[in-house]
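Presented below is the structure to which this report refers.
Computed from a predicted structure; not experimentally measured.
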Amino acid sequence: MLTPKFDNLVKQLRVLPGVGQKSAQRMALHLLTQKRVQGMALAGALDEAMREIIECERCHSFSDEAICPICQDPRREDNLLCVVETAADVMAIEQSGGYRGRYFVLGGHLSPIDGIGVDELNIDQLISRLKAEQIDELILATGTTVEGQTTAQFISQAAANHVVKITRLAQGVPVGGELEYLDSMTLNQAMSNRAKL
Ligand SMILES: [Zn+2]
């Protein structure tokens, strides 16, 4: 509209969720007219993040190195493992502040309709980890959607021979809800009130 380079910037900004043509144009104009330096910093941060943030080898959350800071942290409890669908769920639980164990990110939930079966998730890696490590409690913190429940059920059966106590987040998590949208207090409560499966 203004120039080909401007149009391209607008087009790229529209990749962001919830950003339509109008807001993308407003963002581009804002950066160009008032925030050039910050715009450069933003471009640098994006470039670095897209190139260098990888999946943690142990928990499959995001990491700058092979092993992420949470997996490396010696103060966290090794015998407590919380299984979540995505890295966004790890962030949500961390922000609730009530959990001191380790995590394992599945990479989604079972959804045959979308072609996501056991092989598409990190379930084999999870079972290997349960075999190799002394985990006293496995907390299944997948979503309360039908798919999240099915996934928890599947893992609960697959893990039954390798861990004594398997629990599920309890009260406070609305049915049909995704963890990342819960407020910290609700999530904290759900974590402390988890139920044995
Ligand atoms: Zn990790």
Side-chain angles (χ1 to χ4, degrees), residues 14-20 49 53-63 68 70-71 76-77 80-131 133 135-197:
R14 290 193 61 181
V15 163
L16 297 167
V19 175
I53 295 181
I54 52 175
E55 202 176 286
C56 170
E57 284 173 10
R58 277 177 67 74
C59 71
H60 300 278
S61 183
F62 288 121
S63 183
C68 78
I70 295 179
C71 287
R76 303 201 65 126
E77 292 171 40
L80 205 54
L81 189 64
C82 180
V83 177
V84 293
E85 293 182 13
T86 65
D89 299 330
V90 173
M91 267 198 306
I93 294 175
E94 281 302 287
Q95 275 156 16
S96 80
Y99 179 67
R100 294 301 303 160
R102 309 275 181 192
Y103 291 98
F104 190 90
V105 177
L106 290 172
H109 49 227
L110 293 173
S111 179
I113 262 179
D114 304 310
I116 301 172
V118 176
D119 294 341
E120 276 67 43
L121 303 178
N122 299 318
I123 292 178
D124 283 349
Q125 292 93 318
L126 172 63
I127 303 300
S128 310
R129 188 162 164 180
L130 294 177
K131 286 181 186 165
E133 291 174 32
I135 308 285
D136 295 331
E137 182 179 352
L138 184 68
I139 304 161
L140 301 177
T142 51
T144 53
T145 54
V146 173
E147 293 87 356
Q149 302 280 20
T150 308
T151 309
Q153 200 62 44
F154 181 87
I155 293 173
S156 160
Q157 282 163 8
N161 292 332
H162 311 294
V163 60
V164 177
K165 193 175 175 193
I166 301 177
T167 57
R168 183 99 172 97
L169 293 194
Q171 295 167 31
V173 180
V175 173
E178 296 287 355
L179 283 192
E180 58 173 305
Y181 299 119
L182 291 181
D183 65 275
S184 293
M185 198 187 280
T186 305
L187 190 50
N188 210 337
Q189 193 188 19
M191 182 60 84
S192 10
N193 293 333
R194 57 187 184 266
K196 195 165 189 308
L197 287 185

Residues two or more places apart in sequence or in another chain: which of them pass ring-ring contact (aromatic ring centres under 6.0 Å, His included) with Y99? Y103

Holding to side-chain contact (heavy atoms from CB on, under 4.5 Å), I want the full list of residues that pass it with A49, two or more places apart in sequence or in another chain. I53

Spacing of CD1 belonging to I127 relative to CG belonging to N122, to within rounding of 0.5 Å: 11.5 Å

Output the distance between atom NE2 (H109) and atom CD1 (I116), rounded to the nearest 0.5 Å. 6.0 Å

Give the C-alpha distance, both sets of side-chain angles, the deciding distance and a yes or no for side-chain contact (heavy atoms from CB on, under 4.5 Å) between L81 and L126. CA-CA 10 Å; L81 189 64; L126 172 63; 3.9 Å; yes

Test log, rule side-chain contact (heavy atoms from CB on, under 4.5 Å), inputs I70 and S61: CA-CA 9 Å; I70 295 179; S61 183; over 6 Å; no

For the side chain of R100 and the backbone of R76, is there at least one donor-acceptor N/O pair under 3.5 Å apart? no

Counterpart residues, ring-ring contact (aromatic ring centres under 6.0 Å, His included), relative to H162 (two or more places apart): none

What closest approach, in Å, do S156 and I166 show between heavy atoms, and which atom pair accounts for it? O-CD1, 3.6 Å

Closest heavy-atom contact between C68 and S63? CA-OG, 3.1 Å

For A152, which residues count as a side-chain contact (heavy atoms from CB on, under 4.5 Å) partner, sequence neighbours excluded? L140, T142, R168

Residues which pass salt bridge (Lys or Arg N to Asp or Glu O under 4.0 Å) with R14, listed by chain and number, not counting sequence neighbours: none

Considering all heavy atoms of both residues, which atom of V105 and which atom of A87 are nearest to each other, and what is their separation? CG1-N, 3.9 Å

Any non-hydrogen side-chain atom of D136 less than 4.5 Å from a side-chain atom of V164? no

Do T144 and Q149 make a side-chain contact, defined as non-hydrogen atoms from C-beta onward lying under 4.5 Å apart? yes

Does any pair with a residue in residues 101-130 pass salt bridge (charged side-chain N to carboxylate O under 4.0 Å, His left out), and if so which ones, sequence neighbours excluded? D78-R102, R129-E133

Is a side-chain N or O of T151 found less than 3.5 angstrom from the main chain of L110, in a donor-acceptor match? yes

In short, E85 meets G143 closest at the heavy-atom pair OE2-N, 2.9 Å

Out of curiosity, I155 CD1 to L121 CG, how far, rounded to the nearest 0.5 Å? 7.5 Å

Partners passing side-chain contact (heavy atoms from CB on, under 4.5 Å) against E137 (at least two apart in sequence or in another chain): L80, I139, K165, T167, R194

For V19, side-chain contact (heavy atoms from CB on, under 4.5 Å) partners two or more places apart: L16, S23, A24, M27

Would you mind listing every salt bridge (charged side-chain N to carboxylate O under 4.0 Å, His left out) that reaches into residues 139-155, with sequence neighbours excluded? none

